[in-house]
Amino acid sequence: MSDSPAGDPETTRGDAAADISDEDAASAYRPTEIEPYWQDYWREHRTYEVDDDDPRPPYYVLCMYPYPSGNAHMGHVRNYTFGDLLTRYRTMQGDAVLSPMGFDSFGLPAENAAIKTGVHPRPYTDERIEMLRGSITRIGGVYDWRREVRSHDPEYIRWTQWIFLKFLEAGLAYRKAAPVNWCPGCQTVLANEQVVDGACERSGDLVERRDLEQWYFRITDYAQQLLDDLEGLDWPDRVVTQQRNWIGRSEGAQFTMAVVDAEGAGHPDGLEFDVFTTRPDTSFGMTFCVLAPEHPLVPLLTADDRREAVEAFVEQARNTSEIDRLSTDRPVGTRGCATGAFARNPFTGQPVPVYLADYVLATYGTGAVMAVPGEDQRDWDFATAFGIPIVETVTRPEGWEGEAYAADGVHKNSGFLDGMDVPTAKAAAIDWLVEEGAGERKVNFRLRDWLLSRQRFWGCPIPVVYCDTDGIVPVPLDQLPVVAPDDVEFTPTGQSPLLSSPEFLHTTCPTCSGPARRETDTMDTFVDSSWYFLRFCDPWSDEAPFRQDRIERWMPVDQYIGGAEHAVLHLMYARFFTKALADLGVAPKELREPFQRLFTQGMIRLAGTKMSKSKGNLVAPEEIIDTLGADTLRLAHLAVKPPEEDVDWEDVGLEGCARFLQRVWRISVPGGEFDAALRDGAETAEDTALLRATHRLVADVTEAFDRWSYHVAVAKFMAYVNELQRSLRSEAGGHRATVEFATDTLLQLLAPACPHMTAELWSRRHDGGHVHEVPWPAADPAMLVEDSVTMVVQVAGKVRDRIEVAADADEATCVAAALASEKVQAHLDGEPRKVIARPPKLVNLVP
RNA sequence: GUCGGAGUGGCGGAAUUGGCAGACGCGCCAGACUAAGGAUCUGGUGCCCGCAAGGGCGUGGGGGUUCAAGUCCCCCCUCCGACACCA
């Protein structure tokens with residue numbers, strides 16, 4: 001290893017190394033000198049590139065590809081440390097590990113920068129990709145860079161557009177006019193998933209409602225599958241629950257209500273509307289019903305003497321912001337309005353008044369509900385405010401003092417349902433509706449179709465044209481990709497900047513060759529990230545987005561790693577894409593889920609708040625890498641906390657980890673402080689103990705890595721090194737073969753976590769060998785069994801003594817040893833009344 | 001409000017099945033080396049009483065099961081997260 005830079009005394013020293021200047025220069029640990037060497041080595045030797053015909057078992061590790069924001073921040077470091085550890089660990093275990101990296105390179109930050117500076121987003125983005133790639137490399141992350149994917153690459157755009165056209169052809173992409181969420185800050189529409197508490201998930205601006213025609217993906221076709229297939233996933237409960245809530249399945253009945261007058265006579269125009277309910281069993285208690293203010297029937301059924309009030313109310317609802325409409329604090333009396341119309345309850349045949357209320361959502365169910373104040377608290381409040389009668393249909397338990405009663409009970413005042421419990425009555429009510437032809441069993445989902453168009457420039461163009469003759473015409477596949485031009489006006493106008501490029505806008509219709517206009521909206525960037533993990537399997541494919549056999553080889557992703565903030569965004573969309581692509585025959589039919597195991601790591605906080613560029617409270621990873629080195633930084637991230645938990649930067653113990661690595665270095669570097677004292681010959685008991693401890697470490701670390709208890713693994717390492725050091729210093733220790741085995745094993749186990757220093761040390765110890773190419777060690781089970789153990793002796797459950805006994809000691813021996821103890825006898829007044837023995841670990845004597 | 005998750009020294013946390021609570025690290029204290037120490041090394045460090053030996057208490061609070069509870073059961077408190085007019 002003559003070309004290792006750490007052996008070169010001419011190289012400038014890092015700050016951290018300055019203090020060990022009294023030691024031999026060649027034997028000092030100088031992370032800043034060895035790390036770049038090994039990073040170059042892994043790249044040049046293609047150590048972590050993996051081919052599709054690799055005979056080893058495939059294993060796909062993936063960290064969510066990052067938005068290229070420039071140099072890596074601590075969140076990236078944490079994320080990629082876990083991913084990189086897994087890549088190296090599984091490789092040492094003999095797998096062909098696919099570990100690709102790419103960049104989610106479309107999006108608003110680059111476009112906002114363009115608005116500010118006038119620089120086109122493309123060079124801005126490319127520059128930041130290079131910065132981030134450099135950072136990731138300096139962390140020590142290793143990837144198969146041949147497979148790199150960038151959302152804004154024309155080749156990638158081509159296939160994103162190709163998939164969109166497939167979806168369009170299959171009816172999974174469609175255009176419709178609907179009320180949509182508009183973010184005034186981002187100057188674009190948003191998907192439902194991107195609105196949190198009435199505000200834009202990105203910018204925090206309150207969203208406005210606009211009626212616009214937009215592009216949608218029919219994700220609701222997959223609602224049931226998206227719900228059902230959550231079962232088989234090895235994902236955090238939190239994320240699964242969030243998806244389940246978001247999909248929001250509810251079972252019930254839908255039935256038709258005829259509009260009538262107060263006497264029950266039908267409406268001259270035969271008006272009727274449907275209502276959805278999860279409690280059809282309570283229908284006999286319906287004393288009114290409620291339409292959403294946006295319900296199309298409102299102007300038609302409103303009585304003349306109520307028209308003015310209704311119009312005013314509808315106007316008020318329109319002008320109330322989403323956030324206010326969702327607020328539960330507003331008095332119920334101001335939230336509704338009588339229409340003067342009536343509708344017939346099919347169960348009783350009686351007319352009930354029709355109201356409007358702003359809490360009934362036009363977008364859920366049928367936009368109309370039946371109201372049963374006796375069994376629904378909201379309806380109770382509304383009825384009380386508007387003086388509407390309340391009928392109880394479920395018998396309350398003894399001593400019940402609440403208002404609306406939502407739990408199980410025996411039905412009353414409910415005609416043919418009387419005497420039934422709630423589940424029975426539900427089924428009976430639905431059966432009756434079906435028999436009468438008045439309604440049906442119905443399942444509703446909260447999930448809405450995915451609004452994908454964005455009025456922005458820096459995204460994937462939607463590949464369709466509008467022709468006066470032929471309408472919406474897809475761009476032919478051989479004309480893809482449709483790439484955004486350079487001559488655009490970025491200043492936000494509320495319309496896509498692409499409109500400002502006449503060259504882009506005006507085109508000819510692929511069908512009739514007449515003049516046509518291009519779609520100027522781009523796709524949500526979540527479209528790009530919904531299939532990138534598939535492209536990684538076959539980034540070279542040029543006849544399809546990917547070839548099926550490559551997908552079959554690598555997919556699904558064995559371990560996906562990223563932030564939990566994508567629970568209902570990326571992680572839902574990617575599942576939808578995978579299922580849709582499989583059903584369209586683009587991906588293998590059997591591929592139902594993209595990510596088998598998901599790990600969501602915690603956030604990094606500083607002084608209690610999230611670290612972010614906008615808060616200006618970043619701790620730059622680069623500064624730490626430039627002083628203490630990447631291995632120390634990685635180890636500190638692993639050690640600080642369980643990986644899934646949020647981390648306060650203050651708790652990250654860099655010093656302890658730096659000290660630990662220095663210690664490992666001194667123990668294992670050839671010519672280090674203990675070398676001279678090593679002896680050959682027979683093993684002592686001390687040596688055997690070290691050998692046992694080493695096997696124990698192999699078992700413990702392997703298990704900790706497998707359960708992602710990295711902080712525990714680091715603790716085991718530290719405890720072991722303390723033990724090793726103690727053994728080396730002791731008179732009886734220092735047997736050469738044992739120590740060499742111990743040290744080599746330590747370096748192997750540490751290699752996934754601290755790749756640079758272990759590579760350097762291994763290379764020096766083994767004549768240029770490579771620790772990451774050595775198979776992962778296995779513990780000898782025989783060495784894990786101790787021949788003597790410390791037995792705990794309790795008196796009345798309190799520990800009174802500890803006695804060494806043989807590991808195979810029987811009950812009689814253990815009890816005899818326990819009774820022989822003076823300390824035990826001092827607490828024992830005569831013979832014990834009861835003896836519980838768990839040989840050889842414990843004896844409990846009860847006086 | 002509903003549903004999850006959690007609560008262990010000064011701090012982060014460990015304890016896989018009910019069986020030695022506090023591994024390991026940080027911090028702190030003492031010592032060694034030293035011209036010096038914000039380097040390195042060694043030892044100590046849950047709380048209370050005690051010179052010590054030793055003893056008592058101790059995993060958010062209260063009750064219970066058990067020879068034995070951080071771990072299991074019931075009630076309560078606090079914190080975090082998700083959902084929150086979805087009919």
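Per chain, numbering begins at 1; letters A, B, ... match sequence-line order. Given the structure is predicted, the values throughout are model-derived calculations rather than measurements.
A donor-acceptor pair under 3.5 Å is formed between the side chain of A/N345 and the backbone N or O of A/S283. For A/D449 (side chain) and A/I219 (main-chain N/O), a donor-acceptor pair under 3.5 Å exists by modelled atom type. Between the A/Q825 side chain and the A/L819 main chain, a donor and an acceptor come within less than 3.5 Å of each other. The closest donor-acceptor contact from the side chain of A/T366 to the backbone of A/D274 lies under 3.5 Å. A distance-only check finds a donor-acceptor pair linking the side chain of A/T627 to the backbone of A/I624 [under 3.5 Å].
In this structure B/C57 sits in a base pair with B/G46, meeting the Watson-Crick or G-U test at under 3.5 Å. A 3.5 Å limit on both hydrogen-bonding distances identifies no Watson-Crick or G-U partner for B/A21. The partner of B/U40, taking Watson-Crick or G-U wobble pairs whose two distances both stay under 3.5 Å, is B/A32. The partner of B/G1 is B/C83, by the rule that a Watson-Crick or G-U pair needs both atom distances under 3.5 Å. Pair assignment for B/A69: none, as no Watson-Crick or G-U wobble contacts are both less than 3.5 Å. Partner assigned to B/G10 is B/C26, using Watson-Crick or G-U wobble distances below 3.5 angstrom.
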(request) Please lay out, stage by stage, how A/T790 and A/E804 fare under the test side-chain hydrogen bond (donor to acceptor under 3.5 Å, both in side chains). (result) CA-CA 5 Å; A/T790 305; A/E804 282 296 311; 2.6 Å; yes
Taking N or O atoms only and anything under 3.5 Å, show me the protein contacts with nucleotides 44-53 of chain B, one pair per line.
none

Just the table, please: protein N/O against nucleotides 25-31 of chain B N/O, every pair under 3.5 Å.
unit_1 : atom_1 : unit_2 : atom_2 : d
B/G25  : OP1    : A/N722 : ND2    : 3.3
B/C26  : OP1    : A/R659 : NE     : 3.4
B/C26  : OP1    : A/R659 : NH2    : 2.7

Every protein N/O lying under 3.5 Å from an N/O of nucleotides 58-60 of chain B:
none

Sub-3.5 Å pairs of nitrogen or oxygen atoms, protein against nucleotides 54-56 of chain B:
unit_1 : atom_1 : unit_2 : atom_2 : d
B/G55  : OP1    : A/H827 : NE2    : 2.8
B/G56  : OP1    : A/R800 : NH2    : 3.4
B/G56  : OP2    : A/R800 : NH1    : 3.3

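Among the heavy atoms of the strands lying under 4.0 Å from A/V360 is at least one base atom, whether or not backbone atoms are also near.
Remark: C1' of B/C86 and CD of A/Q254 are 14 Å apart, rounded to the nearest angstrom. A/L635 places its CG atom 20 Å from the P atom of B/G12, with the value rounded to the nearest Å. Here B/C83 presents its C1' atom at 8 Å from CZ of A/R446, a figure rounded to the nearest Å. As rounded to whole Å, 14 Å separates atom C1' of B/G81 from atom CD of A/E644. At whole-Å resolution of the value, CD1 in A/I803 and C1' in B/G19 are 16 Å apart. Following rounding to the nearest Å, A/L638 (CG) and B/A14 (C1') show an atom-to-atom distance of 17 Å.
Note: A/F382 and A/Y355 meet the aromatic proximity criterion, with ring centroids under 6.0 Å apart.
Here CG of A/D700 is found 4.5 Å from NZ of A/K716. Values are rounded to the nearest 0.5 Å.
Contact annotation: A/S250 reaches the phosphate of B/A87 (side-chain N/O to OP1 or OP2, under 4.0 Å). The side chain of A/K841 contributes no N or O atom lying less than 4.0 Å from OP1 or OP2 of B/G19. When the side-chain nitrogen and oxygen atoms of A/R666 are compared with OP1 and OP2 of B/C41, one or more of them lie within a distance under 4.0 Å.
Shown here for A/A191 and A/W450, the closest heavy-atom pair between the two residues is CB-CD1, 3.9 Å. Considering every non-hydrogen atom in both A/M257 and A/A343, the closest pair reads CE-CB, 3.8 Å. Annotation for A/P293 and A/F313: closest pair CG-CE2, 4.0 Å, computed over non-hydrogen atoms. When every heavy atom of A/D376 is checked against every heavy atom of A/A404, the shortest pair comes out as C-CB, 3.3 Å. Scanning both residues, A/L571 and A/L598, for their nearest heavy atoms gives CD1-CD2, 3.7 Å.
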(request) Would you mind building the protein contact string for nucleotides 63-73 of chain B? One character per nucleotide, 5' to 3', B for base within reach (heavy atoms under 4.0 Å), S for sugar-phosphate only, - for untouched. (result) ----BS-----
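In the set B/A87, B/A82, B/C41, B/C41 carries the atom at the smallest distance from any side-chain atom of A/R729. Picking from B/G13, B/C41, B/A21 the nucleotide with the shortest atom distance to the side chain of A/E645 gives B/G13. Closest to the A/H711 side chain, of the nucleotides B/U42, B/A14, B/C86, is B/A14. Nearest to the side chain of A/V712, among B/C20, B/A87, B/A14, sits B/A14.
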Going by atom type alone, with no hydrogens or angles, which donor-acceptor pairs under 3.5 Å involve a side-chain atom of residues 834-847 of chain A and a protein atom two or more places apart or on another chain?
unit_1 : atom_1 : unit_2 : atom_2 : d
A/N844 : OD1    : A/G797 : N      : 3.1

Extract all donor-acceptor atom pairs below 3.5 Å that involve side chains of residues 633-645 of chain A and protein atoms in other chains or at least two apart in sequence.
unit_1 : atom_1 : unit_2 : atom_2 : d
A/R634 : NE     : A/A753 : O      : 2.8
A/R634 : NH1    : A/D84  : OD2    : 2.9
A/R634 : NH1    : A/I139 : O      : 3.1
A/R634 : NH2    : A/D84  : OD2    : 2.7
A/R634 : NH2    : A/P752 : O      : 3.1
A/H637 : ND1    : A/R78  : NH1    : 3.4
A/K641 : NZ     : A/D646 : O      : 2.9

Less than 3.5 Å apart, which donor and acceptor atoms pair up between the side chains of residues 705-713 of chain A and the rest of the protein, not counting sequence neighbours?
unit_1 : atom_1 : unit_2 : atom_2 : d
A/D706 : OD1    : A/Y89  : OH     : 2.9
A/R707 : NE     : A/E703 : OE1    : 3.0

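The nearest heavy atom of RNA chain B to A/V640 and to A/D700 marks one nucleotide each, and the one closer to the 5' end goes with A/V640. Residues A/R279 and A/R238 each lie close to RNA chain B; by heavy-atom proximity, the contact nearer the 5' end of the strand is made by A/R238.
Rounded to whole Å, the separation between the P atoms of B/G54 and B/U17 comes to 34 Å. Spacing of C1' atoms, B/G13 relative to B/G63, comes out at 29 Å, to the nearest Å. Taking atom C1' on both nucleotides, B/G27 is separated from B/G10 by 7 Å, rounded to a whole Å.
Side chains of A/R249 and A/N444: a donor-acceptor N/O pair is absent below 3.5 angstrom, by distance only. Side chains of A/Y405 and A/T393: no donor on one and acceptor on the other come within 3.5 Å.
Not counting sequence neighbours, the partners of A/R692 by the salt bridge (charged side-chain N to carboxylate O under 4.0 Å, His left out) test are A/D787. Among residues two or more places apart in sequence or in another chain, the salt bridge (charged side-chain N to carboxylate O under 4.0 Å, His left out) test is passed with A/D358 by A/R330, A/R335.
Annotated as syn: B/G9, whose glycosidic dihedral is within 90° of 0.
At a non-hydrogen distance threshold of 4.0 Å, A/V369, A/R378 from residues 368-382 of chain A come into contact with RNA chain B.
Applying the salt bridge (charged side-chain N to carboxylate O under 4.0 Å, His left out) test to pairs two or more places apart or on separate chains, those with a residue in residues 277-287 of chain A are A/R279-A/D281.
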